[in-house]
2 protein chains.
Amino acid sequence: MVDKKKQNWAGCPIRFGMSQFGDKWSFLIIRDLMFKGRKYYSEFLEAGEGISTNILASRLADLEHNGIVSKRQDAVKRSKNIYSLTEKGIALMPMMLAMIDWAERYDDQTEVPAEFARKLRQTPEALQKELLNLLENN
Amino acid sequence: MVDKKKQNWAGCPIRFGMSQFGDKWSFLIIRDLMFKGRKYYSEFLEAGEGISTNILASRLADLEHNGIVSKRQDAVKRSKNIYSLTEKGIALMPMMLAMIDWAERYDDQTEVPAEFARKLRQTPEALQKELLNLLENN
DNA sequence: GAATTAAACTTGCAAAAAACAAGTAATTAT
DNA sequence: ATAATTACTTGTTTTTTGCAAGTTTAATTC
């Protein structure tokens, strides 16, 4: 759970960020939504990270509560829900890309495609536009 | 504790990042080191976030183990240890700045100084150089 | 130089959260 | 009508955190 009670978590930007999306599972869900095209509960589960069903439900609810993710019913299959990033969630892209850049440098087993890393360093704005387009047309 | 066992956390850049520094307390420690000029165990404790002594010790050890933070004895007072960011830790600055930028936008109680936010958006590279200089001369 | 104080932890225990396994409810397909 | 999907919820065990107190080494103070 991403702290709600206790102190007020606002004020400091790092503390605020951590209170809004700051745990392992939330980051992985945002990754799935932002870069992997996943949008169903079952797709997050099957991403293979090993998240439990109760934790996934809890994190999705937190992210929705914090206005980072929104949830709507699938028009075709009404038993499915479509999760997507809000504008506030999409605005996390620069942070996520900075993290990817860092990890690509320091993880010797990185799976970041070389071409992606190259674009990220040489034409970051173009890459970001490209990714934003993908997000909007899904 | 930032996962060590179980799966291999390498590969995916987001998963790798979270395994290296991905919890609330680690982020706050990195913040203290990067932006607040704090470097002693006691200073992290007294930062007022409410971290417990055992957790602080554990997180510092993890960050050191992951090569993000280094520890050395204070030359003057040898009972004190000086913690500082390694090059790998300093390389997290773009990510931290992106998070600050985001939080400044979405936290209506943000404490980010307006001047800082302005620089962050208008002349990010200059701001970063400025911050790096501060880091090196401490 | 002996006794406090300071600084950085460690240890033990209770409380909270996460992981695991199973079950339920509402569609949708057969 | 029956079985299978999908998205959860519930109950229990395990792990992690939070809290309080204690230990160790070095530095002051008396």
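In what follows, chains are A, B, ... by sequence order, proteins preceding strands, each numbered from 1. Since the structure is predicted, the reported quantities are computational estimates derived from the model, not experimental observations.
One N or O on the side chain of B:T86 and one on the backbone of B:G89 form a donor-acceptor pair closer than 3.5 Å.
Under 4.0 angstrom from either OP1 or OP2 of D:dA7 there lies at least one side-chain N or O belonging to A:S42. Side-chain nitrogen and oxygen atoms of A:N54 include none within less than 4.0 Å of the OP1 or OP2 phosphate oxygen of D:dA7. At D:dT16, none of the side-chain N or O atoms of B:W25 fall inside 4.0 Å of OP1 or OP2 (strictly under the cut-off). For A:R78, no side-chain nitrogen or oxygen approaches OP1 or OP2 of D:dT6 to under 4.0 Å. When the side-chain nitrogen and oxygen atoms of B:Y83 are compared with OP1 and OP2 of C:dA7, none of them lie within a distance under 4.0 Å.
Separation of the B:F27 and B:F21 ring centroids falls under the 6.0 Å cut-off.
Note on A:F44: nothing from the nucleic acid sits closer than 4.0 angstrom, heavy atoms only. B:T53 comes within contact range of at least one nucleobase, with a heavy-atom separation under 4.0 Å.
Between B:E49 and B:R31 there is a salt bridge, with a side-chain nitrogen of the basic residue lying less than 4.0 Å from a carboxylate oxygen of the acidic one.
Between the NZ atom of A:K77 and the P atom of D:dA4 there is a distance of 14 Å, rounded to whole Å.
A cation-pi arrangement is present between B:K80 and B:Y40, with the terminal nitrogen or guanidinium carbon under 6.0 Å from the aromatic centre and inside a 45° cone about the axis.
Of the candidates D:dG18, C:dT10, D:dT6, the closest approach to any side-chain atom of B:A57 belongs to C:dT10.
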